[in-house]
Structure formats: C-alpha cells, structure tokens
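To start, the structure under review is shown below, and the notes come after it.
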Amino acid sequence: MDHAATDAATDAATDTVPAAVPAPVPAGWPTTEAEARAVQDRLRPQVVLDEDGPVPGEGLVTGVDVAYDDERDLVAAAAVVLDARTLEVVERATALGRISFPYVPGLLAFRELPAVLAALGALKSPPGLVVCDGYGLAHPRRFGLAAHLGVLTGLPALGIAKNPFTFSYEEPGAARGAVAALVDGTEEVGRAVRTRDGVKPVFVSVGHRVSLDRACAHALHLAPRYRLPETTRRADALCRRALAEASSSS
DNA sequence: GCGACAG
DNA sequence: ATCTTGTCGC
C-alpha cells in the first residue's frame with residue numbers, strides 16, 4: 001500500500017479547500033474523431049518551441065490528472081500546485097464533470113482536458129509549469145495532451161508518460177538520471193528518462209514553452225524517490241479521492 | 001485486412 | 001483508465 005499514510009497526512013496538513021465545481025465542456029468542443037483531428041491540425045502551429053522554460057527547482061509546478069467512472073459517466077480532475085524547490089503542496093483543486101469524449105489513441109486530450117481546465121481554473125495560485133500525465137509532441141500529429149493544454153492556457157507544459165505509446169527507444173543506462181531518445185522513425189519526439197535505479201523509465205516530451213533538455217531535468221527534479229513525479233502522484237491520488245467521494249454520495 | 005495504441 | 005491478492009524486497 002505504498003506510503004498512503006504519509007501522503008494522507010501531508011494532504012490533511014494542506015490549508016486549501018479543494019473546489020468541486022461541475023466541469024462544463026468548452027464551447028465548440030469536438031464531437032467526432034474527424035473534428036477532433038481537425039482541431040489538432042489547426043492548433044498545432046500555435047505550439048511555442050523556442051523557449052527554454054522555467055528553471056527546474058524554482059517557482060511553482062502543477063500536476064494534473066483525471067480519473068473516470070464510466071458506469072456513472074463521471075470524471076474527476078485534480079490540479080495540485082507544488083513548490084518546485086521543496087515539492088511541498090501549495091494548493092489543490094478538483095473538478096467534476098461528465099465524460100465528454102471516448103478514449104481514442106491520439107485523441108486523449110479531448111477526453112481529459114475539459115475537467116483539467118476546470119480544475120486549473122479553480123486554483124488561486126498561478127500554476128507555473130504544468131506537468132501532464134501523457135504526451136506532448138510525442139504524438140501522431142505532434143499535438144498530444146501537454147501541447148494542447150499549453151496552447152489553450154498559454155502556460156508552459158510538458159508531458160510525462162508511463163508507456164512508450166507507439167514510439168520506440170533504446171534502453172537507457174540502469175542508473176537514475178540515464179536518458180535515451182524516444183523516436184518516431186528517425187525523429188526524436190521525446191526521451192526515456194530513468195528516475196529510479198533499475199526501474200522502467202518514464203517518457204518525457206515537450207508540451208509548450210519548454211525545451212526537451214529542461215523537460216527532462218524537471219522530470220528528474222520532480223521524482224527524487226519514486227518512478228513517477230510527485231506532481232502526477234499527488235494529482236492522481238487527489239482525483240481518485242474526488243471521484244470516490246462523488247460516486248459514494250448523491 | 002489485422003493488430004497496436006498516452007489515459 | 002479500470003478490474004484485483006498476495007507477495008518479494010528495501
């Protein structure tokens with residue numbers, strides 16, 4: 001059971017009250033797969049790739065994640081703001097909504113973003129860098145979740161995924177800190193980053209306004225102890241809790 | 001045509 | 001993502 005007790009204690013120490021507002025689907029949100037792909041192609045040119053982005057270990061970093069209850073057609077998103085230097089929780093927010101899009105590989109953003117945007121909007125703190133559970137430019141049309149979120153919010157964003165998706169990679173060295181290219185054919189779309197000795201790497205890609213080198217540095221700074229970054233671990237725990245509370249009440 | 005496929 | 005027990009290891 002992990003370190004649930006430790007995490008729960010830390011969460012309880014947070015003074016911020018999670019918001020549980022219904023997440024409306026943004027106006028004009030696509031309904032069909034063809035529309036969704038057209039939206040990606042239209043927004044793709046707005047991705048900014050010539051900024052280094054925030055310095056790892058400085059300022060605020062926000063993790064976002066989503067949990068689903070298909071039976072009840074419920075979705076819960078969480079946004080957890082951390083102090084990048086200490087990795088302490090600064091603020092948390094959640095948002096509930098209806099599932100607005102099915103899971104389709106390559107179109108994940110349309111399923112996750114409405115609730116995520118609502119949770120981000122409920123924060124009082126500026127989010128700083130946003131860390132997504134998934135991919136950014138490592139995407140069939142180079143416009144994954146993290147790139148999409150970055151363009152819609154203007155915030156620097158990056159993606160850290162648990163699986164290589166359709167891409168391939170050379171196994172990085174066994175030591176924490178080792179990296180290897182994540183490639184789509186000959187193009188480097190991201191990197192496999194080893195955050196723990198001898199444990200499967202995470203897959204990092206640029207979203208918006210962050211360089212790949214710096215995105216990888218953020219991944220390592222955010223995961224000092226576990227394979228996954230604290231941002232996703234915190235957001236994952238919070239959205240699951242919010243979903244459970246929503247499902248068990250009215 | 002068939003299988004794979006972030007979450 | 002989600003369904004799920006015990007179990008090996010630090």
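A note on names: the letters A, B, ... follow the listed sequences, proteins ahead of strands, and every chain is numbered from 1. The figures that follow rest on heavy atoms only: side chains count, while hydrogens, waters and symmetry mates do not.
Judged by the 6.0 Å distance and 45° axis criteria, Arg37(A) is not positioned over the aromatic ring of Phe110(A). Figure legend: cation-pi geometry between Arg191(A) and Phe203(A) absent, as NZ or CZ is not positioned both under 6.0 Å from the six-membered ring centre and within 45° of its axis.
Here Asp184(A) pairs with Arg142(A) in a salt bridge; the nearest charged N to carboxylate O distance falls below 4.0 Å. No salt bridge links Lys200(A) with Glu171(A); every basic N to acidic carboxylate O contact stays at or beyond 4.0 Å.
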Under 3.5 Å between N/O atoms: give me all the protein pairs with nucleotides 5-7 of chain B, atom names plus distance.
residue	atom	partner	partner atom	Å
dA6(B)	OP2	Tyr103(A)	OH	3.1
dA6(B)	N7	Gly106(A)	N	3.3
dA6(B)	N6	Gly106(A)	O	3.2
dA6(B)	N6	Leu107(A)	N	3.4
dA6(B)	N6	Leu108(A)	N	3.2
dA6(B)	N1	Leu145(A)	N	3.3
dA6(B)	N3	Tyr135(A)	N	3.1
dG7(B)	OP1	Lys162(A)	N	2.8
dG7(B)	OP1	Lys162(A)	NZ	3.4
dG7(B)	OP2	Asn163(A)	ND2	2.6

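Proximity of a side-chain donor or acceptor of Asp73(A) to a complementary backbone N or O of Arg98(A) within less than 3.5 Å is not detected. Not one N or O on the side chain of Arg111(A) forms a donor-acceptor pair closer than 3.5 Å with the backbone of Val104(A).
Note: CG (Asp236(A)) to P (dA1(C)) measures 6 Å, nearest angstrom. Atom CG of Asp184(A) and atom P of dA4(B) are 19 Å apart (whole Å).
The shortest heavy-atom contact between Ala95(A) and Ala119(A) is CB-N, 3.6 Å. Of all the heavy atoms in Val80(A) and Arg92(A), the pair that sits closest is CG1-CG, 4.0 Å.
In DNA chain B, no stem is built from 3 or more consecutive Watson-Crick or G-U wobble pairs with both distances under 3.5 Å.
Among the heavy atoms of the strands lying under 4.0 Å from Arg240(A) are primed sugar atoms or P, OP1, OP2 only; no base atom is included.
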